[in-house]
Protein chains: 2
Amino acid sequence: MNVEEIIKTTKKMPLETRTLIHITLIHNKIYEHVGNALKPFEVSLQQFNVLRILRGQKGKPANLSTLNERMVTKMSNTTRLVDKLLAKGYVDRCVCPSNRRKVEILITESGSQALTQMDKVVAETENEIVQHFSKQELEQLNLLLDKF
Amino acid sequence: MNVEEIIKTTKKMPLETRTLIHITLIHNKIYEHVGNALKPFEVSLQQFNVLRILRGQKGKPANLSTLNERMVTKMSNTTRLVDKLLAKGYVDRCVCPSNRRKVEILITESGSQALTQMDKVVAETENEIVQHFSKQELEQLNLLLDKF
DNA sequence: CCTTCATTTCTGTTTTAACAAAAATTTATC
DNA sequence: GATAAATTTTTGTTAAAACAGAAATGAAGG
């Protein structure tokens, strides 16, 4: 990925700026590719993310604040995101009996099965995106990214 | 930035997945910080980006397709983005006399002045974001990012 | 208990983005 | 030159995100 070529500029920009633009371009690429891979399932990246968190709960229900805390991209209205998963039958939701302010969200069997399918295509897409990296380079990259 | 800590997971994930989540988290950070820096000017990151492109034209007008081509994040409706810059008096727009399908967009004096101010705070923010990197590390990072 | 405050979720509103199709103009072809 | 095709921008509609405030419940202190 050549930054200058993509944004069609010949001007030399500060290394700091170039780095941040670079990250944004890569993010756009990830978002687009993974989003497309999920399109057949009619779920957004965010919804996929929530399903993964719920599976990670291993049967233990999660409430909204837990979801929000663990989401890659925090958003203000997780309620409506869960509404959509509910409409697809991928999750169950009920008020928490011990604290009726809270809500308990669980992935359904149907949600789990769909998620297994999604995992496959997402993993393939992820591998495609990083296909030009060796394992060692990926490790080196992660070390550098930790510095942000 | 510790990925596992931020998304509150203890599970070991594939290096590929971790890398892409990492990129997304960093992108969120950039977006948030630079967005906040621009807030006093009441322009979005995208609008700031367009102003920079227009300045790069050095007086030569740009049309919508040129803008779209050079934007970091492509979007379908650049028309409405330019509408907003127009409302703020930061750009001028008129139909291209030689090809009346096209439109010519120019940054105004007021836009240039505002942009100079924005540049300052954005550059500061960018430096903050990469403050833990040495110049050499930034170069190394850019080389790795080129592999995407 | 009653009042106040804190927590958690939900709702309303406004912005922004995504997608598709329409309108205006130019270019090409017969 | 008329008609069809291509290009560029605009508009309409729907979906998603951001922001702020309301509602419901629980906890604490008098």
Sugar-phosphate only, base, or nothing, as touched by B/Asn63 at under 4.0 Å among non-hydrogen atoms: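 B/Asn63: backbone/sugar contact only, no base atoms under 4.0 Å.
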In whole Å, I'd like the distance from the [atom1] atom of [X] to the [atom2] atom of [N].
| X | N | atom1 | atom2 | value |
| --- | --- | --- | --- | --- |
| A/Glu32 | C/dC19 | CD | C1' | 14 Å |
| B/Asn68 | D/dT7 | CG | C1' | 14 Å |
| B/Leu81 | C/dA18 | CG | P | 12 Å |
| A/Glu42 | C/dA18 | CD | C1' | 16 Å |
| A/Leu45 | C/dA18 | CG | P | 13 Å |
| A/Asp83 | C/dT9 | CG | P | 13 Å |
| B/Asn28 | D/dA17 | CG | C1' | 12 Å |
| B/Asn77 | C/dA20 | CG | P | 13 Å |

Salt-bridge contact A/Glu124-A/Lys120 (side-chain N to carboxylate O under 4.0 Å):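 So A/Glu124 does not pair with A/Lys120 through a salt bridge.
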Measure from the side chain of [X], starting at C-beta and using heavy atoms only, and say which of [options] lies closest.
| X | options | result |
| --- | --- | --- |
| A/Lys39 | D/dG26, D/dT10, C/dC19 | C/dC19 |
| B/Ser76 | C/dT11, C/dA18, D/dA18 | C/dA18 |
| B/Ser65 | D/dT9, D/dA17, C/dA17 | D/dT9 |
| A/Leu64 | C/dA18, D/dA17, C/dT9 | C/dT9 |
| B/Arg100 | D/dT9, C/dT11, C/dT26 | C/dT26 |

A/Met75 or A/Pro97, whichever maps to the more 5' nucleotide of DNA chain D: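 Final value for this comparison: A/Met75.
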Most 5' of B/Lys84 and A/Arg93 on DNA chain C, judged by nearest nucleotide: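 Looking at the nearest nucleotide for each, A/Arg93 comes out on the 5' side.
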Pairwise 5' ranking along DNA chain C for B/Arg80 and B/Cys96, keeping only the more 5' one: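 Residue closer to the 5' terminus by nearest nucleotide: B/Arg80.
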Atom pair NZ/CG of B/Lys88 and B/Asp83 - distance to nearest 0.5 Å: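 The distance works out to 10.5 Å.
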CG on A/Leu145 to CZ on B/Phe133, rounded to 0.5 Å: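 One gets 6.5 Å once the value is rounded to the nearest 0.5 Å.
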Main-chain N/O of B/Glu5 paired to B/Asn2 side chain as donor or acceptor, under 3.5 Å: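 Yes; at least one donor-acceptor contact below 3.5 Å.
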Any B/Arg101 side-chain N or O less than 4.0 Å from OP1/OP2 of D/dT9: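 No, because none of the side-chain N or O atoms of B/Arg101 sits under 4.0 Å from OP1 or OP2 of D/dT9.
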Pair B/Gln136-B/Gln140, side-chain donor/acceptor within less than 3.5 Å: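 The criterion, which ignores hydrogens and geometry beyond distance, is not satisfied for B/Gln140 and B/Gln136.
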